[in-house]
Amino acid sequence: MEKKSKIIRYLFLVFGLLIFIIYFAPVIGRILNIANLLGMAVGIVLIIVFVFYNKFAVVIKRLSSKKFGKCIIGVFLVFVITFVAVFSVTLFSVIRSSGYTAKNETTVIVLGCRVFGTEPSRELQKRCDAAFEYLEKNTEAVAILTGGKGDDEDISEAQCLFNLLKEKGIDKNRLYIEDKSTTTDENIKFAKEIIDQNNLSTDVAIVTTAYNQKRAAMTAEKYSLNASSIPAYSGFWSIPTYFTREVFAVWEIYLFK
């Protein structure tokens, strides 16, 4: 029994360190969001459980010996199991939606991402590359480039995309700039206005990072657009953080749309 308890205790340490490192790594690359904070918090909690394992074991033993204590433990377990189950189902849906489904759509919407000064972030460059590859193969297609200018950006995200694609040889007449949006919802809402104004096809191919495709498709449906996906792929080290963040973003749409 003592050996089993020791193994369980060290499992808390191993998983705590692993989770903390996974979610801390993107911080080094200037990525910090609710997913990082939650992941690191979970890791720290598991490490704390390891440090004070014996004390936690005594408290749980005392609680389980009383009816009220059993109720508290039961409610906590139900909450944890429910959260994990709903989180897992949503995560699976986000992952399943992250693949390439575009065919020969003539309207492309490129979602913006951060710009450092006038230079694209890694994520924005990836999206630009994916858009260029599609536009080069589908010469009938036009692209709506989205994204406004943040306080710490010298040009808008849309303008940065325009500059990059023009440098790559895409005719500027195939590019529309939408430079007022600050969110994914606004990206697509304002892109829809451009589509309506220019009589473009509402069958659209959305270029964004793979983890963002589920939310983009949900938002496109909200604005009566039939969306397929052209995913750009982020670095392996940032995958857990971004996919975790998208779970909460998808929940927000379900709850408040």
Side-chain angles (χ1 to χ4, degrees), residues 86 89-114 123-124 126-128 130-150 156-162 165 170-233 242-243 245-257:
V86 176
V89 170
T90 309
L91 179 61
F92 176 76
S93 178
V94 171
I95 293 172
R96 188 177 61 180
S97 301
S98 65
Y100 194 109
T101 61
K103 295 180 181 178
N104 57 353
E105 287 79 6
T106 56
T107 305
V108 178
I109 300 176
V110 188
L111 303 192
C113 196
R114 189 173 182 182
E123 296 293 318
L124 190 62
K126 293 281 187 180
R127 296 179 190 189
C128 177
F132 170 72
E133 185 177 342
Y134 183 86
L135 291 170
E136 192 176 39
K137 290 180 180 178
N138 298 269
T139 56
E140 298 292 317
V142 298
I144 302 172
L145 314 176
T146 70
K149 176 182 174 297
S156 70
E157 295 162 6
Q159 186 64 53
C160 185
L161 284 166
F162 178 87
L165 287 169
I170 300 299
D171 189 335
K172 66 178 182 179
N173 293 318
R174 297 173 64 192
L175 304 175
Y176 295 84
I177 292 180
E178 180 290 295
D179 59 2
K180 304 300 181 185
S181 58
T182 59
T183 65
T184 297
D185 187 281
E186 290 182 351
N187 286 159
I188 295 175
K189 176 184 178 181
F190 297 155
K192 176 61 161 57
E193 294 177 359
I194 291 175
I195 289 172
D196 292 341
Q197 291 166 5
N198 293 276
N199 197 30
L200 302 177
S201 173
T202 55
D203 291 326
V204 302
I206 297 179
V207 180
T208 186
T209 315
Y211 60 78
N212 190 222
Q213 286 291 350
K214 170 73 175 179
R215 181 156 52 107
M218 293 172 69
T219 306
E221 184 179 4
K222 173 182 173 182
Y223 292 107
S224 302
L225 296 173
N226 179 32
S228 61
S229 65
I230 302 174
Y233 295 97
Y242 279 128
F243 273 93
R245 187 191 70 177
E246 285 304 302
V247 169
F248 295 111
V250 168
W251 285 356
E252 183 180 4
I253 292 176
Y254 277 126
L255 291 172
F256 301 110
K257 79 170 183 177

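For this chain, numbers begin at 1 and follow the sequence in order.
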Under 4.5 Å between any side-chain heavy atoms of [X] and [Y], yes or no?
{"X": "Arg127", "Y": "Leu111", "result": "yes"}
{"X": "Leu124", "Y": "Leu161", "result": "yes"}
{"X": "Arg245", "Y": "Arg215", "result": "yes"}
{"X": "Tyr233", "Y": "Lys126", "result": "no"}
{"X": "Asn138", "Y": "Thr106", "result": "no"}

Do you know which two heavy atoms are closest between [X] and [Y], and how far apart they sit?
{"X": "Val94", "Y": "Lys214", "answer": "CA-CB, 4.0 Å"}
{"X": "Val110", "Y": "Thr146", "answer": "O-OG1, 2.8 Å"}
{"X": "Ser98", "Y": "Ala210", "answer": "CB-O, 3.3 Å"}
{"X": "Glu157", "Y": "Cys113", "answer": "CG-O, 2.8 Å"}
{"X": "Gly147", "Y": "Ser181", "answer": "N-OG, 3.3 Å"}
{"X": "Ser201", "Y": "Thr107", "answer": "O-OG1, 2.9 Å"}

Using 4.0 Å as the upper bound for N to carboxylate O, is an ion pair formed by Lys137 and Glu133? yes
Nearest 0.5 angstrom please: [X] [atom1] to [Y] [atom2], how far?
{"X": "Ile253", "Y": "Thr184", "atom1": "CD1", "atom2": "OG1", "result": "8.0 Å"}
{"X": "Ile188", "Y": "Ile144", "atom1": "CD1", "atom2": "CD1", "result": "10.5 Å"}
{"X": "Thr219", "Y": "Asp185", "atom1": "OG1", "atom2": "CG", "result": "5.5 Å"}
{"X": "Glu178", "Y": "Lys189", "atom1": "CD", "atom2": "NZ", "result": "11.0 Å"}
{"X": "Leu145", "Y": "Gln159", "atom1": "CG", "atom2": "CD", "result": "9.0 Å"}

Exactly one candidate in Leu225, Thr208, Ile194, Ile230 meets side chain to side chain contact (heavy atoms under 4.5 Å, CB included) with Ile109; the answer is Leu225
Check for a donor-acceptor pair, side chain of [X] on one end and backbone N or O of [Y] on the other, with a separation under 3.5 Å.
{"X": "Asn198", "Y": "Leu200", "result": "no"}
{"X": "Glu186", "Y": "Thr182", "result": "yes"}
{"X": "Ser97", "Y": "Gln213", "result": "no"}
{"X": "Tyr223", "Y": "Ala191", "result": "no"}

List the steps and the verdict of side-chain contact (heavy atoms from CB on, under 4.5 Å) for Lys149 and Asp179. CA-CA 7 Å; Lys149 176 182 174 297; Asp179 59 2; over 6 Å; no
Which is it for Glu123 and Thr209 under the side chain to side chain donor-acceptor pair (under 3.5 Å) test, yes or no, and what are the steps along the way? CA-CA 7 Å; Glu123 296 293 318; Thr209 315; 3.0 Å; yes
Determine, using ring centers only, whether Trp251 and Tyr254 are less than 6.0 Å apart. no
May I ask you to check whether over 12 heavy atoms, not counting those of Tyr100, lie within 6.0 Å of atom OH? yes
Once you measure the plane-to-plane angle for Phe243 and Tyr211, does it fall in the parallel (<30°), tilted (30-60°) or perpendicular (>60°) bin? perpendicular
